[in-house]
Amino acid sequence: IKKLIKEINSHSFYYLNQRDLRVPGFKNREWRSVAIWKKEAEDKMLVCYDDTDALNEEYQRDSKVVAASARTTWEYERLPEVEGIPQTKVKFIGADIGGNVPNFVMNRLAKNFGKALSTMRKKFDKSLEID
């Protein structure tokens, strides 16, 4: 429903994301995260997302949404190009989702992870600049 990405520095950004879970009776959920990335090898980097309150003053929380919580870690590895098209291997290392989330809701949310990764990569691709 709503997204906000605000760069902090060359290795981190804030990510505010509000979603309609499309479950009758469920209110929209809002995640407020900080993402920090670090290059692990020439063609490999880790990105960690964690909850943050840093956006609370600047962006007031909508009283009609439920605050969501998640801590996730992702590993990105640059692969050889295929016919001139850049390739990236993405590994979901782990997650800690706050609260009690039914399996059917998690399965629905999981489908959107790939779409979110693609959006983030397009916006923040710094593969040649990461030190």
Side-chain angles (χ1 to χ4, degrees):
I1 291 178
K2 179 171 101 175
K3 285 185 200 174
L4 168 76
I5 299 170
K6 183 176 179 182
E7 190 168 332
I8 301 168
N9 59 41
S10 64
H11 288 272
S12 60
F13 61 89
Y14 294 122
Y15 183 58
L16 186 151
N17 182 15
Q18 189 181 116
R19 292 187 186 173
D20 177 357
L21 299 181
R22 296 190 180 128
V23 177
F26 278 42
K27 292 183 178 181
N28 290 349
R29 297 306 196 257
E30 183 179 79
W31 288 263
R32 291 176 177 233
S33 305
V34 61
I36 301 171
W37 57 88
K38 179 182 179 190
K39 188 171 183 179
E40 291 287 302
E42 183 60 34
D43 291 329
K44 194 178 284 190
M45 66 183 264
L46 290 176
V47 181
C48 298
Y49 295 85
D50 203 355
D51 297 331
T52 184
D53 292 328
L55 298 171
N56 290 355
E57 278 190 39
E58 191 173 351
Y59 301 96
Q60 295 297 314
R61 202 177 281 277
D62 184 344
S63 62
K64 297 176 185 171
V65 302
V66 173
S69 176
R71 176 182 292 164
T72 60
T73 303
W74 302 81
E75 179 183 84
Y76 296 84
E77 182 178 359
R78 185 182 351 197
L79 301 175
E81 290 186 358
V82 175
E83 297 181 17
I85 299 172
Q87 304 294 306
T88 303
K89 177 181 175 181
V90 179
K91 185 189 294 185
F92 182 64
I93 295 175
D96 178 8
I97 306 292
N100 184 7
V101 183
N103 284 340
F104 75 94
V105 173
M106 284 305 300
N107 289 338
R108 192 172 284 172
L109 288 173
K111 293 176 185 177
N112 293 322
F113 277 144
K115 202 182 304 179
L117 288 173
S118 178
T119 300
M120 298 302 274
R121 183 177 184 273
K122 288 175 188 173
K123 183 158 182 78
F124 291 102
D125 183 10
K126 304 221 187 243
S127 52
L128 300 177
E129 300 173 29
I130 296 174
D131 56 352

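With contacts defined as side-chain heavy-atom distances shorter than 4.5 Å, the pair Trp74/Thr72 qualifies. Contact of the Ile8 side chain with the Val34 side chain is registered, since non-hydrogen atoms from C-beta on lie closer than 4.5 Å.
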Check against side-chain contact (heavy atoms from CB on, under 4.5 Å), Leu16 and Tyr59: CA-CA 9 Å; Leu16 186 151; Tyr59 301 96; 4.3 Å; yes

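Clustering ILVMFWY residues whenever any of their side-chain heavy atoms sit less than 4.5 angstrom apart, transitively, puts Val23 in a cluster other than the one holding Val66. The cluster map of Ile, Leu, Val, Met, Phe, Trp and Tyr, joined by side-chain heavy atoms under 4.5 Å apart, puts Tyr15 and Val47 in the same cluster.
In this structure a side-chain-to-backbone donor-acceptor pair under 3.5 Å is present from Gln87 to Ile85. Under the 3.5 Å distance criterion, the side-chain polar atoms of Glu57 are left unmatched by any main-chain donor or acceptor of Ala54. Of the possible polar contacts, one joining the Asp51 side chain to the Ala70 backbone as a donor-acceptor pair under 3.5 Å is found.
The line from CD of Glu7 to OG of Ser12 is 8.0 Å long, rounded to the nearest 0.5 Å. Remark: Tyr49 OH to Trp31 CH2 distance equals 14.0 Å, nearest 0.5 Å. Between the CG atom in Asn56 and the CZ atom in Arg61 there is a gap of 5.5 Å [rounded to 0.5 Å]. One finds the CG atom of Leu4 at 10.0 Å from the CG atom of Asn17 (value rounded to the nearest 0.5 Å). Of the inter-residue distances, the one linking Thr73 atom OG1 with Phe92 atom CZ reads 8.0 Å to the nearest 0.5 angstrom. Summarising the geometry, atom OG belonging to Ser69 is positioned 7.5 Å from atom CG belonging to Asp50; distances are rounded to the nearest 0.5 Å.
Salt bridge Lys91/Glu77: absent, no basic N to carboxylate O contact under 4.0 Å. Salt-bridge annotation for Glu42 and Lys44: absent, with no side-chain N of the basic residue lying under 4.0 Å from a carboxylate O of the acidic one. Using a cutoff of 4.0 Å between basic side-chain nitrogens and carboxylate oxygens, Lys89 and Glu75 are not scored as salt-bridged.
If you run side chain to side chain contact (heavy atoms under 4.5 Å, CB included) between Val65 and each of Gln18, Arg19, Lys27, Arg29, only Gln18 comes through.
Aromatic rings from Trp37 and Tyr76 are positioned such that their centres are separated by 6.0 Å or more.
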